[in-house]
Amino acid sequence: MKAAITSFSIPSLLSKNELTDLLRSSGANERQLFARAAEIKRKFVGNKVYLRGLIELSNRCRKDCLYCGIRCSNKAVYRYSLSCETVMEAVRRAWQRGFGSVVFQSGEQTSDRFIREIEKMVRETKRISDGALAITLSCGEQREKTYRRWFENGADRYLLRIETASEALYKKLHPQDGKHSFSQRMKALEQLDKIGYQVGTGVMIGLPFQTPEMLADDLLFMKRIDIDMCGMGPYLEHPDTPLYAFRDQLLPPERRFNLGLKMVALLRLLMPDINIAATTALQALDLEGREKAIAVGANVIMPNITPPEERKAYLLYENKPLFAEDDEEELARWEQRLRAMGLQIGYHLPGNSTHYRPAQLRRGDR
Ligand code: SAH
Ligand code: SF4
């Protein structure tokens, strides 16, 4: 792999110090980083951008993460759960429009009813697409047997952000009530991998108390646990959350955005063949944030296809973009913008991570 990459001086095996320096870089060094990441991306994942239709199933959540607008203590939120029928309508429309994959995301719920509903949606999605639509779940921490049950019913991928690889910072961002445990989150990632999911994780960037050294550790963490996909984006404050009290410590939006771009570029250097999403949080800070992330390493976009009424109630952070993204016009706009960048939408393609090999096979190697 490394032999093919020779035209720039930034190496692809980077130490914590080198990563930290690059996260702090500007001017020519920063431009070189972005150019190198773009080149690696072209070589390893090509010129396709894959679509995932994001459906926000429910904003009910048992957790109380100090940064999140839909945390259970926020009583100002109107709570909803989409019915299986509503979700399937959105899935069908996405399938007809040429999406090759959908993401079901939700606040964390562990009731039998919730588990059954997800199972039904997964089966139904596979049924209506003859098994072709790939499914990512992002429904928080569950019991191992729940993860297994959803996998056996057809879920392909699971996205569970570690949020930060620093246990000390994780503790500052979550209540210490037994429900928000760093080690439990790590264990969940291991279980998902063992079961055979394509595993995705990610972090928030520009959090209060977060240093560039911690972000470098985040990158090395993702490399070490050998993820298949990543969704990470800037932290965005929400007024009805405890972390809002620390907003005066945040980097200004442009710098936070720029740090997000550098994280994407550096992860592309460290893990040339994984899938990296250009996330909505990037777009919240810069209208062209997703395009900019694609230019420096991301290869996945996740248009929000949640019905509009509920989309308004799934507010994890302030200024979340809310417009419809699954209509023909919006896709045509994406096509235009990507074509101008020399890229194409991978219509009807699941866009699996080429990095992925199930744990069972990896064990067979030994
Ligand atoms: N409940 C699930 C999935 C939904 S939340 C879970 O927590 O895993 C999805 C992601 O939204 C979280 O992982 C977190 O990284 C992100 N998020 C929450 N609040 C945020 C904020 N204020 N700014 C940026 N991202 C946020
Ligand atoms: Fe719930 Fe996820 Fe928000 Fe935490 S980040 S409060 S688990 S929705």
Side-chain angles (χ1 to χ4, degrees), residues 52 54-77 79-82 103-110 114 118 136-142 146-147 150 157-165 169-170 173-175 177 179-182 184-186 188-189 192 197 199-208 210 215 218 222 227 229-247 250-251 253 256-257 259-260 263 277 279-285 289 302 304 306 310-311 313-321:
R52 280 85 173 93
L54 173 66
I55 308 179
E56 295 156 338
L57 302 179
S58 171
N59 63 357
R60 299 204 161 90
C61 188
R62 62 190 281 270
K63 286 224 177 133
D64 222 5
C65 306
L66 302 179
Y67 43 85
C68 179
I70 62 170
R71 63 198 298 268
C72 60
S73 293
N74 185 3
K75 302 298 176 211
V77 176
R79 304 280 169 175
Y80 74 88
S81 299
L82 297 181
V103 179
F104 295 156
Q105 192 177 79
S106 171
E108 190 172 297
Q109 297 169 44
T110 51
F114 179 77
I118 301 285
T136 303
L137 297 179
S138 178
C139 302
E141 289 162 46
Q142 303 286 339
T146 305
Y147 287 147
W150 289 340
R157 312 171 181 149
Y158 206 100
L159 184 61
L160 186 76
R161 290 185 176 182
I162 192 71
E163 315 298 359
T164 168
L169 179 56
Y170 191 93
L173 304 174
H174 297 93
D177 59 359
K179 262 198 289 182
H180 302 75
S181 143
F182 182 77
Q184 186 49 47
R185 204 136 178 110
M186 289 284 291
L189 284 167
L192 290 162
Y197 280 97
V199 177
T201 193
V203 295
M204 283 178 286
I205 300 156
L207 287 157
Q210 192 180 42
L215 287 169
D218 289 344
M222 291 190 265
I227 56 170
M229 47 193 209
C230 175
M232 59 182 167
Y235 160 68
L236 297 161
E237 57 273 38
H238 189 298
D240 300 328
T241 61
L243 213 61
Y244 197 65
F246 300 95
R247 65 191 176 283
L250 298 175
L251 286 175
R256 228 182 305 160
F257 173 75
L259 201 52
M263 286 291 283
T279 55
T280 314
L282 284 163
Q283 186 196 4
L285 286 185
M302 298 169 63
N304 193 334
T306 309
E310 284 78 11
R311 200 176 308 157
Y314 198 88
L315 285 188
L316 304 174
Y317 45 77
E318 239 178 358
N319 301 325
K320 183 184 156 200

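Both counts, for ligands and for their atoms, begin at 1 and track the order of listing.
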Between Gln105 and Tyr314, is there a side-chain heavy-atom distance shorter than 4.5 Å?
yes

Please say whether Tyr317 places an N or O atom under 3.5 Å from an N or O atom belonging to ligand 1.
no

What do you reckon, does Tyr235 have a nitrogen or oxygen under 3.5 Å from a nitrogen or oxygen of ligand 1?
no

Which of the ligand 1 atoms, numbered from 1, are nearer than 4.0 Å to a heavy atom of [X]:
X	result
Arg161	13 (O), 14 (C), 15 (O), 16 (C)
Arg185	6 (C), 7 (O), 8 (O)
Met204	15 (O), 20 (C), 24 (C), 25 (N), 26 (C)

Between Phe182 and Arg185, is there a cation-pi geometry (under 6.0 Å to ring centre, at most 45° from the normal)?
no

Just heavy atoms, cut-off under 4.0 Å: does [X] contact ligand 1 by side chain, backbone, both, or neither?
X	answer
Ser138	both
Lys63	neither
His238	neither
Cys61	neither
Gln105	side chain
Pro234	backbone
Arg62	neither

Please list, chain by chain and in numerical order, all residues satisfying salt bridge (charged side-chain N to carboxylate O under 4.0 Å, His left out) with Glu237, sequence neighbours excluded.
Arg256

Using protein heavy atoms only, decide if any is under 4.0 Å from atom 2 (Fe) of ligand 2.
no

[X] touching ligand 1 at heavy-atom level, < 4.0 angstrom:
X	value
Lys320	no
Tyr314	yes
Cys65	no

Examine Tyr147 together with Tyr158 and report whether their ring centres are nearer than 6.0 Å.
yes

Return the set of residues passing side-chain contact (heavy atoms from CB on, under 4.5 Å) with Leu66 (not counting sequence neighbours), or none when no residue passes.
Arg71, Pro175, Pro242

Could you tell me which residues satisfy side-chain contact (heavy atoms from CB on, under 4.5 Å) with Ser181, sequence neighbours excluded, listed by chain and number?
Ser183, Gln184

Atom 19 (N) of ligand 1 - nearest protein heavy atom and its distance:
Tyr67 CD1, 3.4 Å

Sphere of radius 2.8 Å around atom 3 (Fe) of ligand 2 - protein N, O or S atoms inside
Cys68 SG

Can you tell whether the side chains of Arg247 and Glu318 come within less than 4.0 Å, N to carboxylate O?
no

